[in-house]
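Pasting a structure below so you can have a look.
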Amino acid sequence: MADPLWTLGEAIASCDGWPDGDMDQDAALSSVSIDSRTVEAGALFVAIRGDNLDGHAYVGQAFKAGAGAALVAENTKVEAAGPLIRVADTLKGLERLGRSARGRTRAAVIAVTGSVGKTGTKEALRLALEHSGAVHASEKSYNNQWGVPLSLANMARETRYGVFEVGMNHAGEIEPLVAMIRPHVAIVTTVEPVHLEFFGSVAQIAEAKAEIFTGLESGGTAIINRDNPHFGLLARRAREAGAGRVIAFGAHDEADAQLVEIQGSAEGSTVWARFGGEAIKYRIGAPGRHFVINSLAVLAAVTAVGGDLKQAAAALARYTVQKGRGLREVFTLTDGPVMLIDESYNANPASMRAALAALGAVPRSAHPRCIVVLGDMLELGDSSDELHADLAGPVDDAGVDVVFACGRHMRALFDALPGERRGVYAETSQGLLDALAGTVRAGDVVMIKGSLGSRMALLVDAVRKQLG
Ligand SMILES: Nc1ncnc2c1ncn2[C@@H]1O[C@H](COP(=O)(O)OP(=O)(O)OP(=O)(O)O)[C@@H](O)[C@H]1O
Ligand SMILES: [Mg+2]
């Protein structure tokens with residue numbers, strides 16, 4: 001049998017804590033969790049104090065769900081129905097546990113950051129590396145000050161490949177995270193105006209992304225988007241940080257992992273690419289050029305960690321999009337099909353353009369009318385309205401017939417559209433419910449997209465209910 005993720009004794013030593021009373025320090029802990037609702041049997045529950053909730057209030061619930069132990073702050077009263085590990089600060093304790101997991105593994109470690117495409121790239125890496133050896137990857141978008149140490153702390157010692165998502169909203173956030181991860185390979189998917197409200201310019205966002213290279217193991221590999229205008233800066237920062245190698249990916253003439261050609265369909269893309277001297281052809285099971293570009297970074301990383309390029313490329317045929325990031329469903333009505341594209345998880349100028357371009361490739365023979373329902377792209381700062389209005393071009397390029405819009409900023413796009421393309425505007429997504437229900441009919445393709453905070457998912461659910 002494989003060793004447990006942690007024994008209680010190892011966890012206590014790793015997080016610099018102390019046992020609260022007698023306990024069997026050889027007891028096995030099978031996972032680490034900070035959410036009492038998803039605690040698995042035998043987990044170590046770490047009580048984190050967040051802005052709104054304090055995990056210490058849920059210790060009892062975690063034990064009820066089967067937690068094997070809880071990591072809690074000193075001098076804090078909790079419902080102790082099982083072994084307690086005490087520490088001065090639980091987030092620091094979790095970080096120490098994460099660092100220990102990193103310290104004891106011999107895995108090749110990959111860190112993924114970028115303005116968009118981190119989760120998609122991480123999931124594609126999970127798939128691409130699977131048959132080369134045991135993969136451990138971050139769950140969901142666990143990429144922040146608790147998500148990164150939590151992901152590390154859950155890494156089994158036998159892991160061959162560790163893949164970690166790293167995110168940020170502000171300058172200076174990536175550096176401490178990547179110091180815990182210590183990757184052999186660092187990927188920057190792309191640099192775009194996302195979270196612009198917290199930065200003076202996109203160049204400053206590039207600088208913040210470049211922090212990922214500060215954590216590279218000596219001589220490690222930086223994988224950078226050659227098509228991005230900030231490639232030069234990123235490559236320079238990577239070298240300054242001691243990267244042994246920079247691999248450029250993209251369609252650019254000078255890319256090392258280079259796109260040669262794409263043949264797209266509603267189900268995905270066939271890709272011809274060149275990796276160094278090697279020409280390969282593969283399929284990606286999700287439609288959209290952006291996934292193709294991300295896949296070049298994925299395969300470059302696979303080669304950098306010594307994985308099997310051909311097998312990895314073949315595995316990408318099984319890649320599917322994650323919920324809210326372009327998931328397509330076709331409903332068959334008596335008079336014809338309706339395609340619903342759920343893009344409700346995320347929106348910013350880059351992902352909007354990518355989604356609209358993919359929408360434009362949906363064959364219009366089966367779907368003569370194209371409707372988009374767009375909610376605000378959040379956190380864009382002073383240029384927000386302008387960035388919203390700028391989508392008029394991509395909307396036109398995609399051949400969209402009707403635009404439904406909601407949110408304060410999406411008004412700017414709505415007003416910039418020609419009259420015949422304007423559907424209905426409402427202040428909130430809720431306000432579009434009835435109008436949308438009354439509009440969708442057989443033959444439509446309907447794409448719904450906005451930032452998570454714009455609550456577009458309720459429209460997706462409503463359309464799905466109506467048609468399904
Ligand atoms: N290279 C790309 N260019 C533009 N858009 C992309 C790219 N890759 C993915 N996207 C789109 O960006 C959105 C977010 O994708 P994903 O969840 O992978 O990003 P993320 O960086 O993990 O986001 P988050 O910061 O929310 O964790 C999705 O709509 C996805 O289709
Ligand atoms: Mg993510």
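As the structure lists them, so they are numbered: ligands from 1, and atoms in each ligand from 1. We number each residue from 1, following the sequence as shown.
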Problem - Exceeds 12 heavy-atom contacts within 6.0 angstrom, atom CD of Glu386 - result: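 Result for CD/Glu386: open.
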Handout entry: Asp308 versus Ser132, side-chain donor and acceptor atoms under 3.5 Å
Key =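 Result is no, nothing qualifies.
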Handout entry: Other residues, nucleotides, ligands: >12 heavy atoms within 6.0 Å of Arg289 CZ
Key =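 Counting other residues, nucleotides and ligands, CZ of Arg289 stays at 12 neighbours or fewer.
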Problem - the Mg ion (ligand 2): angle it makes with OE2 (Glu165) and OG (Ser141), nearest 10 degrees - result: 100°
Exercise for the section: Check if Ile293 has a non-hydrogen atom at a distance under 4.0 Å from any atom of ligand 1. Expected result: no
Practice task
With atom 11 (C) of ligand 1 as the reference point, say which of Ser451, Ser351, Ser295 has the nearest heavy atom.
Solution key: Ser351
Practice task
Go through the side-chain N and O atoms of Asp385 and His409 and say whether any donor and acceptor fall under 3.5 Å apart.
Solution key: yes
Problem - Residue and atom name of the nearest protein heavy atom (relative to atom 1 (N) of ligand 1), distance in Å to one decimal - result: Asn294 OD1, 2.9 Å
Exercise for the section: Return yes if some donor-acceptor pair links the side-chain N/O of Thr105 with the main-chain N/O of Ala107 below 3.5 Å, else return no. Expected result: yes
Exercise for the section: Using heavy-atom distances, let me know which of Lys323, Arg325, Glu165, Glu192 sits nearest atom 28 (C) of ligand 1. Expected result: Arg325
Problem - Check: Phe45 main-chain N/O paired with Ser33 side-chain donor or acceptor under 3.5 Å - result: no
Exercise for the section: Under 4.0 Å from a heavy atom of Lys449: give me the atoms of ligand 1 that qualify, with their elements. Expected result: 29 (O)
Practice task
Please answer whether the main-chain N or O of Glu278 pairs with a side-chain N or O of Arg274 as donor and acceptor at a distance below 3.5 Å.
Solution key: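 Not a single qualifying donor-acceptor pair exists.
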Handout entry: Asp434 atom CG, over 12 foreign heavy atoms within 6.0 Å
Key =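 At most 12 heavy atoms, drawn from other residues, nucleotides or ligands, come within 6.0 Å of this atom.
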Problem - Distance filter under 4.0 Å to Phe291 heavy atoms, resulting ligand 1 atoms - result: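 That gives atoms 31 (O) of ligand 1.
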Practice task
Using a strict cut-off of 4.0 Å, indicate which atoms of ligand 1 neighbour a heavy atom of Val116.
Solution key: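 The list of qualifying atoms is 2 (C), 3 (N), 4 (C), 5 (N), 6 (C), 7 (C), 12 (O), 19 (O), 21 (O).
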Exercise for the section: Would you check whether Ala350 reaches within less than 4.0 Å of ligand 1, judged by its heavy atoms? Expected result: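 Per 4.0 Å heavy-atom rule, Ala350 contacts ligand 1.
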Problem - Under 3.5 Å side-chain donor-acceptor pair for Ser141 and Tyr345 - result: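 On atom types as modelled, these side chains qualify, holding a pair under 3.5 Å.
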Practice task
Provide the number and element of each atom of ligand 1 under 4.0 Å from a heavy atom of Ser141.
Solution key: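 Those atoms are 27 (O).
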Exercise for the section: Specify the protein heavy atom at minimum distance from atom 21 (O) of ligand 1: its residue, its atom name, and the distance to 0.1 Å. Expected result: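 Going atom by atom, the protein heavy atom closest to atom 21 (O) of ligand 1 ends up being Lys118 NZ, 2.7 Å.
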Problem - For Tyr345, the ligand 1 atoms whose distance to one of its heavy atoms is below 4.0 Å - result: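 Every atom of ligand 1 under 4.0 Å from some heavy atom of Tyr345: 17 (O), 24 (P), 26 (O), 27 (O).
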Handout entry: Distance-only N or O hit between ligand 1 and Glu343, under 3.5 Å
Key = yes
Practice task
Check each atom of ligand 1 against the heavy atoms of Ala354 and keep those under 4.0 Å away; list them by number with element.
Solution key: 4 (C), 5 (N)
Exercise for the section: Closest by any non-hydrogen atom to atom 2 (C) of ligand 1: pick that one out of Arg289, His195, His290. Expected result: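 Residue with the shortest heavy-atom distance to the ligand atom: His290.
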Exercise for the section: Work out whether the distance between some heavy atom of Thr189 and some atom of ligand 1 is less than 4.0 Å. Expected result: no
Problem - Heavy atoms from other residues, nucleotides or ligands near CD of Glu427 exceed 12 (cutoff 6.0 Å) - result: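 Check fails, neighbour count at 12 or below.
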Exercise for the section: Using modelled atom types only, decide if a donor and an acceptor are shared between the side chain of Tyr58 and the backbone of Ile34 within a distance under 3.5 Å. Expected result: no
Handout entry: Proximal atoms of ligand 1 relative to Asn143 (non-hydrogen, under 4.0 Å)
Key =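 Counting atoms of ligand 1 from 1, those under 4.0 Å from Asn143 are 27 (O).
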Handout entry: Pair Tyr282, Ser295: side-chain N/O donor-acceptor within cut-off below 3.5 Å
Key =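 Indeed, the side chains of Tyr282 and Ser295 share at least one donor-acceptor pair under 3.5 Å.
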Practice task
Check each atom of ligand 1 against the heavy atoms of Gly120 and keep those under 4.0 Å away; list them by number with element.
Solution key: 18 (O)
Handout entry: Nearest-neighbour protein heavy atom for atom 19 (O) of ligand 1, which is reported as residue plus atom name and distance
Key = Gly117 N, 2.9 Å
Exercise for the section: Could you tell me whether the Mg ion (ligand 2) has an N, O or S atom of Thr119 under 2.8 Å away? Expected result: yes
